[in-house]
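What follows is a single structure, written as C-alpha cells, with notes after it.
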Amino acid sequence: MASATTVPTKPLVVIVGPTAVGKSGIAILVAKALGTEVLTADSRQVYRDMDIGTDKPTAAERQGVPHRLIDLVDPDQPFNTGAFRRQALAEIARLHQEGKVPLLVGGTGLYVRTVLRGLWEGPAADWEFRRALEQEAGTKGADWLYRRLVQVDPESARRLHPNDRVKIVRALEVHHLLGRPLSEEHKRHAFAEMPFAPLLIGLTRERTALYRRVDERVELELAKGLMEETKRLLDRGYGRHLGSMKGLGYKQMAGHLAGDYDYAEAVRWLKRDTRRFAKRQMTWFRKEPGLQWLSSEGAESPEQVAERIVDEVRRFLRTL
RNA sequence: GCCGAGGUAGCUCAGUUGGCAGAGCACAGCCCUGAAAAGGCUGGUGUCGACAGUUCGAUUCUGUCCCUCGGCA
C-alpha cells in the first residue's frame with residue numbers, strides 16, 4: 001500500500017458513468033487506440049450466463065479487445081467488493097508489467113472506489129450470522145436490530161437510518177466478528193489509500209437524453225430475449241432470493257413470470273428502476289474526487305468521444 | 001340541442017358536514033467501506049375550470065358560462 005507521502009506513478013485510467021450512457025462502446029474504442037484491454041467494474045457482469053440483462057458486449061462488439069473481470073462466478077456463488085478488488089489489482093499489476101495502461105470501465109461506484117482508494121480489510125459477509133440475526137429480529141421486532149447497534153456501535157447507529165437493515169446488519173456483524181465497532185475501522189481507513197496515479201473520466205449526458213437511452217436499452221434487451229434468459233436461469237434453479245437475480249431486468253422479469261404482475265407492468269417498472277439507478281449512480285460519481293466530466297451530445301459519435309478521451313489520456317501520461 | 005358524469009400537483013385520483021388542500025406514480029436532491037444494478041433517507045403553493053352571488057371566510061353552497069367524456073336526438 002502506498003502511503004500518502006509517496007506519489008504514485010503507476011497510471012490507471014478510469015471511465016465511469018451512469019448506465020446506458022454508452023461506456024462500453026467507447027471503452028472498446030479507447031482500449032483499441034491505447035493498445036490495452038478493458039477491465040470492467042460492474043457488479044452484475046461478474047456473473048456467468050447473465051448476458052442480456054447485464055448488457056455484456058458480445059464477442060463481435062468487443063472487436064478483439066480482451067475484457068477482464070467479467071464472467072467470474074456462477075449466479076449462485078457469493079461475490080463481493082473485496083473479491084472484485086483483489087482480482088482487479090491483479091489484472092492492473094499484470095498490465096503494468098506488460099507495459100500497458102490499465103483501463104477500468106464501469107458503473108459500480110463502490111468497486112471503482114475500492115480500486116482507486118483502497119478497502120478496509122475487514123471480514124467478508126458471514127451469511128450464517130446474518131440469517132440468525134434476521135431470525136431474531138423477526139421475533140423481537142423490527143427495531144431490535146437498530147437498538148442493538150445503538151448499544152454496540154453508537155457511532156454507526158448515528159450514521160445509519162433505523163430502516164437501513166442491510167447496513168445495520170453489516171455493522172452488527174463486524175462487531176460480532178471483531179469485537180470492535182465498524183465505525184472506528186472505517187474512520188481509520190477513510191479511503192485514504194492511493195496505489196495509482198489515476199485519470200478519472202465521468203461520461204454523462206443531458207438527463208432527458210439519458211433517460212431516453214435507458215428506455216431504448218430496456219426495449220433492446222427485451223428484444224434480445226431478456227425474458228428467455230431469465231426463464232433459463234430460473235429453470236436452472238437460480239431463485240429470486242439470490243443477489244444476482246435481484247439485479248435490474250431479472251428481478252422484474254422473474255416477478256412477472258411468478259405471476260406478481262403483468263408484462264406491461266414489468267417493463268414499466270424495469271424502465272423506472274433503471275432510470276432511478278442511473279440517477280443514483282450520478283449522485284455517487286459526483287462526489288468522487290478528481291473526476292472530470294465529459295458530457296457527450298446526441299450528435300457526437302462514440303468515435304469522437306473516444307478520441308477526446310484518448311487525447312486526454314496521452315496528455316495525462318506525459319505528466320507522469 | 002337535451003340528459004348524465006366530470007373538470008383539484010406533470011399523470012391518475014381522494015378530500016374538505018364552508019376554516020391557510022392530500023395520496024400513489026412521475027420527477028428532484030441525498031446517504032453509502034465485502035449484498036452496492038443491493039439497501040436506505042428527504043422533498044407537494046397547486047389561479048382546487050372561469051366569472052358573479054351568499055358568507056366573517058368559498059376549492060366546498062347557489063347561479064351563469066367554458067371545456068372533456070358518455071348516452072339520446
Side-chain angles (χ1 to χ4, degrees), chain A residues 16-20 23 40-47 50 53-56 73 75-88 106-127 129-131 134 145-146 156 158-171 173-174 177-178 181-193 207-208 210-211 214-215 217-218 221 226 240-253 265 268-288:
Chain A
V16 298
T19 188
K23 291 186 297 294
T40 304
D42 187 306
S43 68
R44 299 294 140 173
Q45 293 191 9
V46 302
Y47 295 109
M50 303 184 98
T54 65
D55 206 39
K56 273 180 214 163
V73 294
D76 60 347
Q77 289 179 292
F79 193 80
N80 59 53
T81 314
F84 175 82
R85 178 166 178 272
R86 279 186 290 279
Q87 301 200 43
T108 302
L110 180 61
Y111 283 12
V112 170
R113 181 174 295 171
T114 63
V115 172
L116 286 171
R117 292 153 57 195
L119 174 71
W120 167 64
E121 290 294 339
D126 180 341
W127 289 98
F129 177 77
R130 291 184 182 189
R131 225 180 328 268
E134 291 288 357
L145 289 173
Y146 187 73
S156 286
R158 205 171 317 119
R159 298 186 52 195
L160 296 175
H161 191 277
N163 292 349
D164 201 347
R165 287 279 276 261
V166 170
K167 293 194 178 83
I168 291 170
V169 167
R170 157 104 280 227
E173 169 185 80
V174 167
L177 294 171
L178 261 51
L182 176 66
S183 51
E184 270 178 28
E185 302 297 325
H186 283 175
K187 205 185 293 173
R188 191 169 315 135
H189 180 265
F191 284 120
E193 298 177 45
R207 188 66 63 93
T208 54
L210 180 65
Y211 283 0
V214 166
D215 288 354
R217 204 185 83 174
V218 167
E221 286 182 10
L226 176 60
R240 289 218 268 162
H241 62 283
L242 291 173
S244 59
M245 290 298 280
K246 287 183 183 161
L248 291 170
Y250 304 107
K251 177 186 180 178
Q252 292 80 4
M253 290 301 120
E265 260 177 322
R268 197 165 57 238
W269 286 340
L270 173 53
K271 287 178 179 172
R272 181 198 67 181
D273 292 346
T274 308
R275 273 183 245 124
R276 288 178 174 176
F277 170 54
K279 184 177 175 333
R280 256 180 287 134
Q281 287 177 298
M282 288 302 296
T283 298
W284 179 282
F285 292 131
R286 245 179 245 134
K287 56 167 220 180
E288 199 57 48

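Residue numbering restarts at 1 for every chain, and letters A, B, ... go by the order of the sequence lines.
Here Arg44(A) does not pair with Asp55(A) in a salt bridge; the nearest charged N to carboxylate O distance is not below 4.0 Å. At a threshold of 4.0 Å, the pair Lys187(A)-Glu184(A) does not count as salt-bridged, since none of the basic side-chain nitrogens sits closer than that to a carboxylate oxygen. Under 4.0 Å is where a charged nitrogen must lie from a carboxylate oxygen, and between Arg188(A) and Glu185(A) at least one such pair does.
Stacking between Trp284(A) and C32(B) is absent: the ring centroid is not both under 5.5 Å from the six-membered base ring centre and under 30° in plane angle.
Contact between the side-chain N/O atoms of Arg188(A) and the OP1/OP2 oxygens of U33(B) is not found at any separation under 4.0 Å. The side chain of Arg130(A) places an N or O atom within less than 4.0 Å of a non-bridging phosphate oxygen (OP1 or OP2) of A35(B). Phosphate proximity of A36(B) to Arg44(A): present, with a side-chain N or O under 4.0 Å from OP1 or OP2. Residue Arg117(A) has no polar side-chain atom (N or O) positioned under 4.0 Å from OP1 or OP2 of U33(B). Here Arg280(A) reaches the OP1 or OP2 of A38(B): one of its side-chain N or O atoms lies under 4.0 Å away. Put simply, Lys279(A) has a side-chain N or O that comes within less than 4.0 Å of OP1 or OP2 on G29(B). Taking 4.0 angstrom as the limit, Lys246(A) places none of its side-chain polar atoms (N or O) nearer than this to OP1 or OP2 of A36(B). Look at Arg170(A) and you won't find any side-chain N or O under 4.0 angstrom from OP1 or OP2 of C32(B).
Nucleotides C2(B) and G43(B) have their C1' atoms positioned 49 Å apart, rounded to a whole Å. For the P atom pair drawn from G6(B) and A14(B), the interatomic distance equals 9 Å after rounding to whole Å. For the P atoms, the distance linking C11(B) with C48(B) amounts to 15 Å, nearest Å. The C1' atoms of U8(B) and G49(B) are separated by 10 Å, rounded to the nearest whole Å. When the P atom is used for both U33(B) and C41(B), the distance is 16 Å, rounded to whole Å. Comparing the P positions of A21(B) and C25(B) gives a spacing of 23 Å, expressed to the nearest Å. For G57(B) and U16(B), the P atoms lie 23 Å apart once the distance is rounded to whole Å. U62(B) and G4(B): their P atoms are spaced 14 Å apart (whole Å).
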| Residue pair Arg275(A), Asp215(A): steps toward the side chain to side chain contact (heavy atoms under 4.5 Å, CB included) verdict | CA-CA 8 Å; Arg275(A) 273 183 245 124; Asp215(A) 288 354; 3.4 Å; yes

| field | Step-by-step side chain to side chain contact (heavy atoms under 4.5 Å, CB included) determination, Tyr211(A) to Lys279(A) | value | CA-CA 9 Å; Tyr211(A) 283 0; Lys279(A) 184 177 175 333; 3.9 Å; yes

| Residues Tyr146(A), Asn163(A); criterion side chain to side chain contact (heavy atoms under 4.5 Å, CB included); working and verdict | CA-CA 8 Å; Tyr146(A) 187 73; Asn163(A) 292 349; over 6 Å; no

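Looking at Lys167(A), its side chain comes within 3.5 Å of the base of A38(B) through a donor and an acceptor atom.
When atom types are taken as modelled, the side chain of Gln252(A) and the backbone of Gly249(A) share a donor-acceptor pair closer than 3.5 angstrom. The backbone N or O of Asp126(A) sits less than 3.5 Å from a side-chain atom of Glu173(A), completing a donor-acceptor pair. Using modelled atom types, no side-chain atom of Lys271(A) and backbone atom of Val214(A) make a donor-acceptor pair closer than 3.5 Å. Lys23(A) contributes a side-chain N or O that, together with a main-chain N or O of Gly17(A), makes up a donor-acceptor pair within less than 3.5 Å.
To the nearest angstrom, P of G40(B) lies 13 Å from CG of Leu145(A). G29(B) atom P lies 9 Å from atom CE of Met282(A), rounded to whole Å. The separation between Lys287(A) atom NZ and C30(B) atom P is 10 Å, rounded to whole Å.
Note on Thr54(A): a base of the nucleic acid sits closer than 4.0 angstrom, heavy atoms only. Heavy atoms of Ala83(A) sit nowhere under 4.0 angstrom from any nucleic acid atom. Contact annotation for Gly243(A): no contact, since no heavy-atom pair falls under 4.0 Å across all strands.
Checked against U33(B), G34(B), A35(B), the side chain of Ala124(A) finds its nearest nucleotide in G34(B). Distance from the side chain of Tyr211(A) is smallest to A28(B) among A35(B), C31(B), A28(B). Candidate nucleotides U33(B), C30(B), C27(B) were compared by shortest atom distance to the side chain of Thr283(A), and C30(B) ranks first. If you check A35(B), C30(B), A36(B) against the side chain of Trp127(A), the one that comes closest is A35(B).
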Distances under 3.5 Å only, N/O to N/O: pair up the protein atoms with those of nucleotides 41-43 of chain B.
| unit_1 | atom_1 | unit_2 | atom_2 | d |
| --- | --- | --- | --- | --- |
| C41(B) | OP1 | Asn163(A) | ND2 | 2.5 |

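Look at G34(B): its glycosidic torsion is within 90° of 0, and that puts it in the syn range.
With sequence neighbours excluded, the residues forming a side-chain hydrogen bond (donor to acceptor under 3.5 Å, both in side chains) with Thr19(A) are Arg217(A), listed by chain and number.
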| request: Represent RNA chain B in dot-bracket notation, 5' to 3'. Only Watson-Crick or G-U wobble pairs with both distances under 3.5 Å count; pseudoknot-style crossings use [ ] and interstrand partners use |. | output: (((((((..((((.....[..)))).(((((.......))))).....(((((..]....)))))))))))).

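Both Phe277(A) and Leu182(A) lie near RNA chain B, and the one whose nearest nucleotide falls closer to the 5' end is Leu182(A).
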